[in-house]
Protein chains: 2
Amino acid sequence: MEITIGELSKRTGVLATTVRYYEDVGLMPAPPRTAGGRRSYGTAHVARLAFIRHARQLGFEVDAIRELLALNARPDLPCAEVDVIARRHLAEVDGRIERLTALRSELSRMVDECGHGRVGECRVIEVLSDHGECLGHDH
Amino acid sequence: MEITIGELSKRTGVLATTVRYYEDVGLMPAPPRTAGGRRSYGTAHVARLAFIRHARQLGFEVDAIRELLALNARPDLPCAEVDVIARRHLAEVDGRIERLTALRSELSRMVDECGHGRVGECRVIEVLSDHGECLGHDH
DNA sequence: CTTAACTCCTCCAGTGGCTGGAGGAGCAAG
DNA sequence: CTTGCTCCTCCAGCCACTGGAGGAGTTAAG
């Protein structure tokens with residue numbers, strides 16, 4: 001099976017330009033070329049790119065994906081490291097959710113208090129102008 | 001009151017480099033300069049920068065802040081537009097939280113199922129390799 | 001008055017993770 | 001043979017900064 005970058009793109013949902021970018025940054029290997037100089041991919045490339053795409057969709061950073069790919073290539077190793085990477089990422093996602101939730105409550109309080117009058121008396125503007133108006137001062 | 005960019009930075013918690021950046025992109029006005037060519041700020045600048053900083057902390061994009069600042073300068077206008085910007089942003093934050101929460105559950109399921117054996121049998125790697133393993137297929 | 005330490009100045013490059021365009025060449029169908 | 005598509009490389013831009021180089025102004029101590 002020899003497919004073009006366009007076909008690879010269709011099968012994985014990753015843009016051809018992004019595939020070339022992944023090659024540049026070392027996530028994807030440089031594939032063999034046809035006589036005309038075009039990239040020629042096989043099933044292994046499809047699987048690897050699907051892995052990368054899925055990991056990106058789950059929010060893993062490119063560096064983490066590099067580590068995961070390296071581990072994936074060594075199935076005999078204990079998977080403790082994989083676990084560490086995934087848990088680290090989970091903790092980061094938890095942190096992001098927490099921060100966004102706090103922010104959301106600040107925002108919604110702000111919006112609720114807007115009396116729909118003039119800008120001069122708008123609570124949204126007031127709250128933005130004065131951090132002291134916030135319930136949580138941590139942001 | 002005439003303060004330097006460093007003092008402005010201290011009072012607002014915004015880096016001096018970032019203040020100059022805000023000037024470049026038109027969020028902050030170009031202030032008067034001293035004889036030696038240094039920027040000289042006053043109380044209005046401090047207030048404006050505090051407003052910007054707070055809005056950024058609440059996740060407003062620079063474009064939205066530009067709009068909010070323009071509205072802030074027109075206290076006689078009805079605050080409907082302010083409301084629209086804030087609600088739009090709130091909706092976006094809600095969307096982000098939703099997506100992150102879905103992602104979090106996928107991640108935590110993945111981590112929970114890891115049997116701490118070899119990479120070859122690791123569920124984390126398997127799930128990443130096969131999108132079909134996910135409960136939510138929307139990401 | 002000099003010197004050292006500090007802040008400030010401008011300009012430019014880099015971050016992450018792509019995305020898009022210019023300008024040119026390969027390739028399949030009519 | 002030509003049309004239209006895909007592909008190639010290289011480079012610039014996105015967002016919102018951040019940091020460094022290299023130079024000049026400023027302040028306090030000696």
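Any value given below was found using the heavy atoms of this structure, including those in side chains, with hydrogens, waters and symmetry copies removed. Chain identifiers are assigned alphabetically (A, B, ...) following the order of the sequence lines, protein sequences preceding nucleic acid strands; residue numbering begins at 1 within each chain.
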5' to 3' contact window, DNA chain C with chain A (heavy-atom distance under 4.0 Å): C/dG17 to C/dC27
Whether over 12 other heavy atoms sit under 6.0 Å from B/E67 CD: yes
Looking at five pairs on each end of the helix from C/dC1-D/dG30 to C/dG30-D/dC1, what is the angle between the two axes, given to 10 degrees? 20°
Regarding B/R20, tell me which of base, sugar-phosphate or nothing describes its non-hydrogen contacts under 4.0 Å with the strands shown. base
If you find the nucleotide of DNA chain C closest to A/G36 and the one closest to A/T18, which residue's nucleotide is nearer the 5' end? A/T18
Expressed as a whole number of angstroms, how long is the span from A/I3:CD1 to D/dC7:C1'? 14 Å
What do the steps show when you test B/R33 against B/R39 for side-chain contact (heavy atoms from CB on, under 4.5 Å), and what is the final call? CA-CA 5 Å; B/R33 303 285 183 123; B/R39 289 171 179 82; 3.3 Å; yes
Go nucleotide by nucleotide along DNA chain C from the 5' end; which of B/G37 and A/A35 gets its closest nucleotide reached first? B/G37
B/D24 CG - D/dC15 P separation (whole Å): 15 Å
Rounded to whole Å, the OH-C1' distance (A/Y21 to D/dG13) equals 14 Å
For B/R74, does the CZ atom have more than 12 heavy-atom neighbours from other residues, nucleotides or ligands under 6.0 Å away? no
Derivation of the salt bridge (Lys or Arg N to Asp or Glu O under 4.0 Å) call for A/E92 and A/R88: CA-CA 6 Å; A/E92 222 215 89; A/R88 192 210 299 147; over 6 Å; no
May I ask you to decide if B/D76's main-chain N or O and A/R118's side chain share a donor-acceptor pair within less than 3.5 Å? yes
For D/dC17, take OP1 and OP2 only and decide whether either is under 4.0 Å from a side-chain N or O of B/T17. no
Can you tell me the distance, in whole Å, between the CD1 atom of B/I52 and the P atom of D/dA16? 13 Å
Out of A/V19, A/L68, A/L27, which residue meets the side chain to side chain contact (heavy atoms under 4.5 Å, CB included) rule with A/I52? A/L27
Return the 5'-most residue of the pair B/R38, A/R39 with respect to DNA chain D, ranking by each residue's nearest nucleotide. A/R39
Classify the nucleic acid contact of A/F60 as base, sugar-phosphate or nothing, counting any heavy atom under 4.0 Å across all strands shown. nothing
Is there a donor-acceptor pair closer than 3.5 Å between any side-chain N or O of A/R123 and the backbone N or O of A/D112? no
Integer-rounded Å distance: D/dC7 C1' and A/I5 CD1: 8 Å
Sequence neighbours excluded, which residues qualify as ring-ring contact (aromatic ring centres under 6.0 Å, His included) partners of A/Y22? none
Can any side-chain N or O of A/R53 pair as donor or acceptor with the backbone N or O of A/T12 at less than 3.5 Å? yes
